[in-house]
Amino acid sequence: MIITIDGPAGSGKSTVAKLLAERLKVRFLDTGAMYRAVALAVLQSDAEESDVGAVAAIARDADISFDNETITLNGQGVAAEIRTPHVTAISSVVAANPDVRTRLVELQRAVGHQGSLVTEGRDQGSVVFPDAEFKFFVTASVDSRARRRHRELIAGGSRLTLATVRTQLQQRDARDESREHAPMKPADDAVTLDTSDMSIVQVVDSVASIVEE
Ligand code: DC
C-alpha cells in the first residue's frame with residue numbers, strides 16, 4: 001500500500017507522514033530530504049546551482065539513501081546539514097532540474113517497490129506514484145506555515161525574523177509551483193486538507209481515519 005502526502009513547506013506534511021507511517025507500521029519516505037541532499041552535494045562542489053549539466057552530473061553520481069529517519073549522502077549522515085537555510089533555498093532550484101528529478105524519482109519508485117510506504121513531497125501523488133491507494137494534499141495559509149517554520153527555526157537556534165521566513169517560504173512556493181517539470185500540485189484524485197486551524201494530532205487522525213476505514 002502506498003500513501004502519498006504532498007504539500008508546500010510548513011504545511012505539516014512531514015510530521016503527519018512520519019506519525020501516520022508509525023501508526024500504520026509502514027516505512028516513511030521524505031523525498032524533500034533527497035532533493036536537499038543533492039543541493040548539499042552541489043554546495044560541496046565547485047558547481048553553480050544554475051549550471052544544469054553540472055547539477056545533473058552531481059545528482060547522477062551522488063549516492064543518496066533514505067531509511068526512515070536517516071539520510072545519507074555518499075555514505076555520510078547529513079540530517080542536520082540538509083536543513084540549513086542555504087541548502088533549503090538551493091533545494092528548490094535543483095528540484096527544477098529535469099535530470100535531477102528523473103534520478104530521484106527512480107530512487108523513490110525503487111523504495112515503493114520494496115513494500116508499503118507513506119511518502120511525502122510535492123509530486124508523489126501526481127507523478128511518482130500515480131496508482132497510490134491514498135493521496136493527500138496537505139496545505140495551510142502562508143501565515144500559519146511561516147509561523148510554524150519560524151518556530152522550528154528559532155528552536156534550532158536560528159535568528160531569522162518571521163518576515164524573512166515568510167518571504168523565503170513564498171519564494172520557494174513560487175519556484176516549486178511554477179517549474180516546468182512536475183510542479184507542486186495536488187493529484188486529481190487527492191484529498192486536500194487545509195491544516196491552518198488544525199493541530200498535527202487532528203490532521204493525523206483525519207488522514208488515518210480515511211485510510212483505516
Ligand atoms: O519538503 P522540503 O522542504 O524538504 O523540500 C525541499 C525542496 O525540494 C522543495 O523546495 C521542493 C523540492 N521537492 C520537490 O521538488 N519534490 C519533492 N517530491 C520533494 C521536494
Side-chain angles (χ1 to χ4, degrees), residues 1-37 40 64-73 75-84 87-88 91 95 104-140 144-145 147-156 176 184 186-187 189-213:
M1 177 177 64
I2 306 277
I3 301 171
T4 62
I5 304 189
D6 291 302
S11 59
K13 66 183 186 313
S14 270
T15 315
V16 170
K18 208 180 300 172
L19 292 174
L20 183 69
E22 276 171 22
R23 188 148 150 178
L24 300 175
K25 299 194 171 41
V26 301
R27 283 159 322 135
F28 157 66
L29 181 63
D30 173 354
T31 62
M34 301 170 99
Y35 287 94
R36 286 168 178 272
L40 180 63
I64 294 168
S65 77
F66 185 87
D67 181 17
N68 275 323
E69 300 287 307
T70 321
I71 174 94
T72 62
L73 170 64
Q76 300 278 322
V78 290
E81 290 82 346
I82 61 166
R83 302 286 160 196
T84 66
V87 171
T88 301
S91 62
L104 295 189
V105 167
E106 225 171 71
L107 293 177
Q108 291 157 17
R109 289 192 177 138
V111 177
H113 279 130
Q114 290 162 17
S116 291
L117 182 69
V118 178
T119 178
E120 63 100 325
R122 304 288 189 291
D123 59 347
Q124 298 299 287
S126 55
V127 173
V128 184
F129 297 108
D131 299 328
E133 280 82 352
F134 298 97
K135 298 181 184 179
F136 298 93
F137 193 82
V138 176
T139 185
S144 65
R145 293 191 290 116
R147 276 196 303 273
R148 284 176 193 163
R149 195 32 70 89
H150 184 243
R151 263 199 307 270
E152 280 168 18
L153 287 166
I154 295 293
D176 293 341
M184 168 172 71
D189 49 351
V191 173
T192 296
L193 282 172
D194 185 329
T195 68
S196 305
D197 299 315
M198 291 170 88
S199 69
I200 287 294
V201 174
Q202 285 172 322
V203 184
V204 176
D205 280 347
S206 66
V207 168
S209 71
I210 293 174
V211 173
E212 284 163 354
E213 217 166 67

Legend entry - Residue pair V87 / R36: nearest heavy atoms and the distance that separates them: CG1-O, 3.5 Å
Inset, instruction - Apply side chain to side chain donor-acceptor pair (under 3.5 Å) to S126 and list each qualifying residue two or more places apart in sequence or on a separate chain. - result: none
Inset, instruction - Considering non-hydrogen atoms only, spot the tightest contact between Q202 and M198 and give its length. - result: OE1-CA, 3.2 Å
Inset, instruction - Before giving the answer on side chain to side chain contact (heavy atoms under 4.5 Å, CB included), spell out for V211 and F136 the whole-Å C-alpha distance, their side-chain angles and the decisive distance to 0.1 Å. - result: CA-CA 11 Å; V211 173; F136 298 93; 4.1 Å; yes
Legend entry - Heavy-atom pair of closest approach, residues R145 and A140: NE-O, 3.0 Å
Inset, instruction - Look up atom CG in L40 and atom CD1 in I64, then write down how far apart they are to the nearest 0.5 Å. - result: 9.5 Å
Legend entry - D30 CG to I82 CD1 distance, which is reported to the nearest 0.5 Å: 6.5 Å
Inset, instruction - Compute whether any side-chain donor of one residue and acceptor of the other, for S11 and T139, lie under 3.5 angstrom apart. - result: no
Inset, instruction - Would you check if the side chain of D6 reaches a backbone N or O of P186 as a donor-acceptor pair within less than 3.5 Å? - result: no
Legend entry - Stepwise side chain to side chain contact (heavy atoms under 4.5 Å, CB included) check, V128 with T119: CA-CA 10 Å; V128 184; T119 178; over 6 Å; no
Legend entry - Qualifying residue for side-chain contact (heavy atoms from CB on, under 4.5 Å) with I5, from V203, L193, V118: V118
Inset, instruction - For side chain to side chain contact (heavy atoms under 4.5 Å, CB included), just list the numbers for Y35 and R122, CA-CA rounded to whole Å, side-chain angles, deciding distance to a tenth of an Å, and then say yes or no. - result: CA-CA 11 Å; Y35 287 94; R122 304 288 189 291; over 6 Å; no
Legend entry - Flag side-chain contact, heavy atom, 4.5 Å: V26 against I3: no
Legend entry - Residue pair T195 / K13, side-chain heavy-atom distance below 4.5 Å: no
Legend entry - Distance, nearest 0.5 Å, that separates CE of M34 from CG of L29: 5.5 Å
Legend entry - Rounded distance (nearest 0.5 Å) linking atom CZ of F137 with atom CE of M184: 5.5 Å
Legend entry - Heavy-atom donor-acceptor pair, S116 side chain to M1 backbone, under 3.5 Å: yes
Legend entry - K135 side chain to T4 backbone, donor-acceptor under 3.5 Å: no
Legend entry - Side chains of Q76 and E81, donor plus acceptor under 3.5 Å: no
Inset, instruction - With sequence neighbours excluded, tell me which residues meet side chain to side chain donor-acceptor pair (under 3.5 Å) with Q114. - result: R27
Legend entry - Full working for side chain to side chain contact (heavy atoms under 4.5 Å, CB included) between D131 and I2: CA-CA 8 Å; D131 299 328; I2 306 277; over 6 Å; no
Legend entry - K18 side, atom NZ; I200 side, atom CD1 - distance, nearest 0.5 Å: 10.5 Å
Inset, instruction - State, to 0.1 Å, how close F66 and F28 come at their nearest heavy-atom pair, and which atoms those are. - result: CE2-O, 3.3 Å
Legend entry - Residues that T31 engages under side chain to side chain donor-acceptor pair (under 3.5 Å), provided they are two or more places apart: none
Inset, instruction - Enter the distance from R83:CZ to I71:CD1 here, rounded to the nearest 0.5 Å. - result: 8.5 Å
Inset, instruction - Keeping the roles fixed (side chain from T72, backbone from G75), state whether a donor-acceptor pair exists under 3.5 Å. - result: no
